[in-house]
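Some notes on the structure that comes next.
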Number of protein chains: 2
Amino acid sequence: MNSYSHSTRLLVAIDCIIFGFDGEELKLLLIKRRFEPEKGKWSLMGGFVNEKEDLEVGAERILHELTGLHDIYVEQLQTFGKVNRDPVERTLSVVFFALINIHDHNAESVEVHNACWISLKQMPALIFDHEKMVQMALERLRYKAALHPIGFELLPEQFTIPQLQKLYEAIYDLKLDRRNFSRKILSTGLLLDTGEKNANSATKKAVMYRLDKERYESKFNHFWYFMPVTT
Amino acid sequence: MNSYSHSTRLLVAIDCIIFGFDGEELKLLLIKRRFEPEKGKWSLMGGFVNEKEDLEVGAERILHELTGLHDIYVEQLQTFGKVNRDPVERTLSVVFFALINIHDHNAESVEVHNACWISLKQMPALIFDHEKMVQMALERLRYKAALHPIGFELLPEQFTIPQLQKLYEAIYDLKLDRRNFSRKILSTGLLLDTGEKNANSATKKAVMYRLDKERYESKFNHFWYFMPVTT
DNA sequence: CCAAAAGTGTTGAGCTTACACCCATGT
DNA sequence: ACATGGGTGTAAGCTCAACACTTTTGG
């Protein structure tokens with residue numbers, strides 16, 4: 001039974017936008033492309049879909065290859081399919097974006113792949129339509145982080161509220177009121193006080209929190225309002 | 001230059017979820033599949049991507065083929081790519097969802113395709129993973145319609161506020177307060193009073209409004225809060 | 001004149017914002 | 001002691017939800 005035989009088959013790639021946060025700025029993990037076309041240019045990490053591999057599995061494979069990490073936050077963004085987006089041959093790209101703790105990656109594999117963490121604000125030109133992909137991913141991140149508690153994915157296991165605030169300020173490129181932010185976050189009931197205090201701080205040490213995983217899972221799809229409403 | 005030659009090519013389909021609203025219920029335009037496998041079963045409208053055709057163009061082609069319509073609201077949902085989702089051969093499906101005025105379709109082409117408007121609440125079993133697609137599309141519609149003014153896409157050019165309210169009640173499967181709803185909608189400044197009144201109503205005739213296209217375009221991506229906040 | 005649906009007004013509760021003040025720490 | 005950053009409290013203003021009342025129309 002081969003009823004589809006006359007239809008065209010297409011090359012299908014997976015590209016991954018990897019967000020990280022260094023405490024000050026939102027960053028992307030980008031690579032220098034190692035093959036033609038556009039060899040040497042900046043690009044998203046990607047690869048082709050294997051014949052017997054689900055898309056999500058492919059994305060995880062690619063992410064693991066570059067970062068050494070498993071079980072990270074990954075979400076399918078959208079599929080890019082303009083006919084001429086790749087000059088060699090028509091290639092669909094199923095784009096995923098991932099949020100990781102920037103200190104958690106495997107330095108070796110990052111080096112092997114010629115990869116670098118680059119601040120979003122200083123992003124170089126990227127190959128093909130990768131800039132559009134990043135643009136869309138940033139929009140999605142902003143959209144989603146305003147309503148759902150995904151910011152935590154970019155921070156270490158334990159973090160302080162001021163750290164979280166800096167993250168939100170980086171995502172939305174604005175300043176927030178310290179007192180109101182703290183109240184808003186704590187009122188979600190998603191944070192657990194670990195009892196420990198931040199050692200880094202030069203002044204008063206902030207309380208370290210961690211996610212209440214159970215509440216996080218069960219309440220993830222409720223709407224929160226982390227950002228000030230600016231109509 | 002053929003650097004990708006050793007990679008696998010895949011069949012790529014486009015499937016479309018078509019929402020409509022009859023004044024009471026949210027409906028889907030579904031078809032009875034005309035070929036094997038699963039011939040005779042209910043299915044989403046779909047087709048294969050042509051070799052020289054952008055994905056969005058393909059979606060529009062497929063939507064036009066079934067409804068006779070152009071320039072309708074279409075949004076890419078997500079790509080489904082489980083290895084075994086199609087028993088004949090591995091096939092990716094790029095899924096789009098569309099919102100149309102249910103009275104605007106071409107009855108002939110609908111008939112030719114064996115298609116039917118079916119209430120979401122009485123949805124039959126669908127082939128492959130099409131039910132998951134519908135589920136996800138409904139979630140996306142609910143999500144988006146709570147924050148952006150897309151409901152209008154499901155109504156005629158001119159409509160009354162009570163009609164719009166019924167639509168929202170159908171989307172979210174709940175009852176809303178007439179007075180608060182009306183105020184909330186009017187306060188967006190997106191509606192223009194046409195001066196005309198609804199003829200259908202058996203009692204007091206409601207004012208007919210139409211979208212202020214300019215404000216709609218420019219304010220589309222602002223956040224609204226059409227739905228009551230229920231944390 | 002009555003029923004049913006549409007339109008307008010009002011009020012109180014609760015949330016958000018904007019601010020002031022106090023505490024802890026290293027130099 | 002003081003500068004810096006973290007934590008808590010509070011009052012004013014605004015928004016939203018919950019309600020009552022009036023208007024229009026057909027029968």
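Only a predicted model underlies this, so the values are computations on that prediction, with no experimental measurement involved. Every heavy atom of this structure was used, including side-chain atoms; hydrogens, water molecules and symmetry mates were not. The chains referred to below are lettered A, B, ... by the order of the sequence lines, with proteins before strands, and numbering in each begins at 1.
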From [atom1] of [X] over to [atom2] of [N], roughly how many Å is that when rounded to an integer?
X        : N      : atom1 : atom2 : answer
A/Lys184 : D/dT8  : NZ    : C1'   : 18 Å
A/Phe226 : C/dC15 : CZ    : P     : 16 Å
B/Tyr225 : C/dC15 : OH    : C1'   : 13 Å
A/Trp224 : C/dT16 : CH2   : P     : 12 Å
B/Lys175 : D/dA17 : NZ    : P     : 17 Å
B/Ile185 : C/dG7  : CD1   : P     : 13 Å
A/Phe181 : C/dC19 : CZ    : C1'   : 19 Å
B/Gln165 : D/dA17 : CD    : P     : 13 Å

Reported CD-to-CG distance for the pair B/Glu139 and B/Leu77, which is rounded to 0.5 angstrom: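 So the CD of B/Glu139 and the CG of B/Leu77 are separated by 9.5 Å.
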Protein-nucleotides 3-5 of chain C N/O pairs closer than 3.5 Å?
{"unit_1": "C/dA5", "atom_1": "O4'", "unit_2": "B/Thr203", "atom_2": "OG1", "d": "2.8"}

B/Glu60: partners by side chain to side chain donor-acceptor pair (under 3.5 Å), with sequence neighbours left out: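 Side chain to side chain donor-acceptor pair (under 3.5 Å) list for B/Glu60, sorted by chain: empty.
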Closest to side chain of A/Val207, choosing from C/dT17, D/dG7, D/dA17: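 Looking only at heavy atoms from C-beta outward on A/Val207, the closest nucleotide is D/dG7.
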Neighbour count >12 (heavy atoms, 6.0 Å) for atom CG, A/Asp193: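 Correct, the count exceeds 12.
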Steps toward side-chain contact (heavy atoms from CB on, under 4.5 Å) verdict (A/Ile161, A/Leu186): CA-CA 9 Å; A/Ile161 290 189; A/Leu186 287 174; 3.7 Å; yes
Contact list for residues 176-212 of chain B, test ring pair (Phe, Tyr, Trp, His ring centres under 6.0 Å), sequence neighbours left out: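 Those involving residues 176-212 of chain B are B/Tyr168-B/Phe181.
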Provide a list of protein-nucleic acid N or O atom pairs under 3.5 angstrom, restricted to nucleotides 9-11 of chain C.
{"unit_1": "C/dT10", "atom_1": "O4", "unit_2": "B/Arg183", "atom_2": "NH1", "d": "3.3"}

Distance below 4.0 Å between A/Lys197 side-chain N/O and D/dG6 OP1 or OP2: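 Indeed not, no polar side-chain atom of A/Lys197 lies that close.
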B/Lys205 side-chain N/O to C/dG7 phosphate OP1/OP2 under 4.0 Å: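 No, no such contact exists.
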Aromatic ring pairing A/Phe220/A/His148, orientation class (parallel under 30°, perpendicular over 60°, tilted between):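 A/Phe220 and A/His148: parallel rings.
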Sole residue of A/Leu26, A/Leu164, A/Leu176 in side chain to side chain contact (heavy atoms under 4.5 Å, CB included) with A/Glu169: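 Running side chain to side chain contact (heavy atoms under 4.5 Å, CB included) over A/Leu26, A/Leu164, A/Leu176 with A/Glu169 returns exactly one hit, A/Leu176.
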Five-pair end axes of the helix from C/dC1-D/dG27 to C/dT27-D/dA1 and the angle they enclose, rounded to 10°: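 Helix axis angle between the two ends: 0°.
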B/Tyr172 vs B/Phe226, ring-ring contact (aromatic ring centres under 6.0 Å, His included): CA-CA, chis, key distance, verdict: CA-CA 11 Å; B/Tyr172 296 98; B/Phe226 294 120; 9.7 Å; no
Shortest non-hydrogen contact from A/Ser109 toward A/Leu66: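 Closest pair (atom of A/Ser109, atom of A/Leu66, distance): OG-O, 3.3 Å.
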By salt bridge (charged side-chain N to carboxylate O under 4.0 Å, His left out) - contacts of A/Glu157 (at least two apart):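 Partners of A/Glu157 under the salt bridge (charged side-chain N to carboxylate O under 4.0 Å, His left out) test: none.
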Worked verdict on A/Leu29 versus A/Met45 for side-chain contact (heavy atoms from CB on, under 4.5 Å): CA-CA 8 Å; A/Leu29 190 53; A/Met45 179 68 182; over 6 Å; no
